[in-house]
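First the structure, in the form of structure tokens, and then the observations on it.
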Amino acid sequence: MKGIKLKEKCPIDGKIAFLEGKDNTYFFCAYHYFAYHNLKDGYHLWNEKLEKKLSWEEYLDTILKLKDKSDNLVGEWVKDVISFLLKKQ
Amino acid sequence: MNVQESKIRTPFVLCIAEKPSAAKRIANALAEKGVEQITIGKESIYKIVRKNENLIITAASGHIFSVVQDGYGSEFPTYDFKWAPLYKKSRGSNEIKKDPYSQRILNIFKILKELIPKAEKIIIMTDYDQEGEVIGGIILKELGGEKIFRTAKRMKFSTLTKDELKLAYDKLLPTIDFNLFEAGVTRHYLDWLYGINLSRALMLTYKRETSKFKSLSTGRVQGPTLRFVYDREIKIKSHVPIPFWQIKIRIFIDNNPIELKIEKNFEAEKEAKRKAEEFLKGEIYIEKIEAKDVRISPPVPPNLSNLQGEIYRLYKIPPEQTLAIAEKLYLGALISYPRTDAQQYPKDLNHIEIINKLAQQKNYISLKKFVLPIKKNRPVSGKKTDPAHPAIYPTGEKPDKKLNSKEFKIYDYIVRRYFATLAEDSIETRKKIVFSINKQEMVSITITKPKKRGWKQVLNIKEAKNKFSESLEKLREGMNIEKFEVKTEQKYTTPPPRYNPSSLLKEMEKNEIGTKATRAEIINTLKKRGYLQGKESFEITELGLTVMEILKQNSPIITLPDLTRQVEQSLAKIERAEIDSNTVILQGIVYLHKVLLDLHNERKNIGQALDASVDPKNQNKQNYGTCPICKTGKLEIRIARNTGKRFLGCTNYFNTEIKCNASFPLPQKGKIEKTNKKCPADGYTMVKVITNKRIWYWCINPECPERKKWGKNSDFAKINNEGD
């Protein structure tokens, strides 16, 4: 994680955001950035696998509602990012 | 009473045990006529006669010396060290700590200091491993000098039973193991160098960048251990579940529903559904039935990690507690020395005697019948060895007093596992029924039936039962399944499980991190430092994440097992006299210096990152307006380090050019909230103070002419939300 941009803060937890985290509109800290990218990669995979294609919003909503017995199925940082993105929209 | 008053007359042989309870047991075992107990302060020493020699048996209390900085200061880097008694207040100081533990160490120190020079001969009787060698060797070096260190004898034993102790006394080693000692002290030096310097680098950087204090630490073993949890946490917290599909077939035999699971996972929904439809239209018949007997060997003799893992699995007793209890059982002569890596018993161990002794205890009478004759393949042995000690086994001695519940569980497991290693194989009949699904997929179900329970009965292992095994037994090759259902099930990829005390310990062992004796303690330290949380599964905290991020960015190798593994290999080489201790220490310092320089260069970022994690509130720290003194800084709430009281301070305090010292006291009770109000008297910022009883506004200026007049009933101080 090189190139710390000190003035930018992660909109989710206020931590220092990393340059690599710049994705059009949002800066995220390293952890939320990682989660965000997993989400984006996941979107393509979901639509490759499902019969009925999902829109980005439907996908986010579906992931957020997924639960297993221990509620550990969806990563905490992934949930943070989804909540942030849905709120923004 | 002191040593002089205690009628100890020369000539005498001084025997130094590792702990007082071991000293007492050794004295009782070796005494030919009787044991005279002499109390000096709160310590007991034992006078006995053996083979016409007067023996004085005394004890350390584990380590009574530790590595400290040689010289003053708390800066980093610091590479000068020495050994100092544990009772001293700080490095280089002669002040004595007042707590009971330090007072006890002082007393032991005085006893040893007086007895060592007077002794005709000295025998080190500490536990026979690296630590035992260091405990004994350093006492001799520091209190007796090089000559005594070189000439003292060594008694080697693995259990504190009378017979073994007598035998060990008859076969004294001519000196301590100098190579083992060198390896042990080198480990202490390296741990000190890495621990003190890296921890100071974190703490001092945090202090200098934030003017706050927090106890932070890391080291060459802590770093990689935390890294395991960190890497796992990243995977868990950023896990996005991806769907996949499974096909489940439910067959009905005697109307009993039995699930058949197709092992293959289907990546796409469409493919899974198509396949399921095909299966539904097709037929299911029994392709073949295979039955065979499978022999299962007993578990091998346990080393410490095996014991800790099994006890955690069975009883959820944390590994560090298992070690503490096992040590207590060892000091009670009930089991062999527990800090061992070996999975093999000593070749000359008298199993018949141990079995007969154990069979005298009512809990174990029934286990004797499971034991096979001792021959080539019994007892079973594991692969791991330890040059110092064998695997853990019971001595056969009966407990002197009633064991508490946890002690009994661990003792009972050790006894049963010992019997299991000597017992018959367990035999089970496994019947594999292979179903052909539409001539495309083969799915099998295995029914297991115990034929001979063998060692499993010794360890009280329950057999898993298949609910419908009776119905399945009726199936024959070629039979068609008339009634069945097929369905697809959507599943999701799951994140890896969090580490628990046992799995983290296993990961450390697999990666050769730490020693058998220190691993559990390292995990405990990570918890104490606030890097890990949770009892049954470990979650990394915000602070743990930040510390790891800092180390990973600035010196990744400190967080990887490779460095520690290299050190362990170097220590093993010292033990084998293949490399010099000084070379290993120097290599360590050269590497460490580079890491410290990198950390120093990144101090600003490190300070900020730590600040946000140590006190997460700091991330969204509110500012309470512009500083009225420097006019550029912002006011924020801070806590005075000396008094613990809160106040408003200027952010330019940390700006080395401006260094604004402005500070404004705040009420110490109640919640402080920011407002947009300005004081009508002097124009200073006003804050809102909310307590259980009232809410009022507070001008931050202590010299405010109006504030001085305020009383509870002042109009100015009354609730007023206008303009807020």
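Residue numbers start from 1 in every chain, and the chains themselves are labelled A, B, ... in the order their sequence lines are given, proteins ahead of strands.
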task: Would you sort out whether B:Thr494 and A:Leu73 count as a side-chain contact (heavy atoms from CB on, under 4.5 Å), showing the intermediate values?
output: CA-CA 6 Å; B:Thr494 52; A:Leu73 191 59; 3.7 Å; yes

task: Taking the side chain as every heavy atom from C-beta outward, state whether A:Glu51 and B:Lys273 have any atom pair closer than 4.5 Å.
output: yes

Side chains of B:Tyr492 and A:Val74 in contact at under 4.5 Å (non-hydrogen atoms): no

- request: Go through the steps for A:Glu76 and B:Ile236 under the test side-chain contact (heavy atoms from CB on, under 4.5 Å), then give the verdict.
  value: CA-CA 8 Å; A:Glu76 204 181 304; B:Ile236 293 169; over 6 Å; no

task: Just do the salt bridge (Lys or Arg N to Asp or Glu O under 4.0 Å) check on A:Lys49 and B:Glu269 with the steps written out, would you?
output: CA-CA 6 Å; A:Lys49 287 163 177 272; B:Glu269 189 180 9; over 6 Å; no

Could you grab the distance from atom [atom1] of [X] to atom [atom2] of [Y], nearest 0.5 Å is fine?
{"X": "A:Glu48", "Y": "B:Ile242", "atom1": "CD", "atom2": "CD1", "value": "10.0 Å"}
{"X": "A:Phe34", "Y": "B:Lys235", "atom1": "CZ", "atom2": "NZ", "value": "9.0 Å"}
{"X": "B:Gln490", "Y": "A:Leu50", "atom1": "CD", "atom2": "CG", "value": "6.0 Å"}
{"X": "B:Lys270", "Y": "A:Lys52", "atom1": "NZ", "atom2": "NZ", "value": "15.5 Å"}

- prompt: Is the backbone of B:Ile234 close enough, under 3.5 Å, to the side chain of A:Trp77 for a donor and an acceptor to pair up by distance?
  reply: no

field: Nearest non-hydrogen partners of A:Ile63 and B:Val240, listed with the distance
entry: CD1-CG1, 3.9 Å

message: Can you give me the closest heavy-atom contact between A:Asn38 and B:Ser238, atom names plus distance?
response: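 That would be ND2-O, 2.7 Å.
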
message: Does the plane of the ring in A:Tyr31 sit parallel, tilted or perpendicular to the ring in B:Tyr230? Use 30° and 60° as the thresholds.
response: perpendicular

query: What part of A:Tyr43 is in contact with chain B, defined as an atom under 4.5 angstrom from a non-hydrogen atom: side chain, backbone, both or neither?
result: neither

task: Please flag which part of A:Leu39 lies under 4.5 Å from any non-hydrogen atom of chain B: side chain, backbone, both or neither.
output: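 Looking at A:Leu39, backbone and side chain both touch chain B.
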
- prompt: Should the heavy atoms of other residues, nucleotides or ligands under 6.0 Å from NZ of B:Lys594 be counted, would the total exceed 12?
  reply: no

message: Take a 6.0 Å sphere around NZ of B:Lys535 and say whether it holds more than 12 heavy atoms from other residues, nucleotides or ligands.
response: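 It does not: B:Lys535 NZ has 12 such atoms or fewer within range.
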
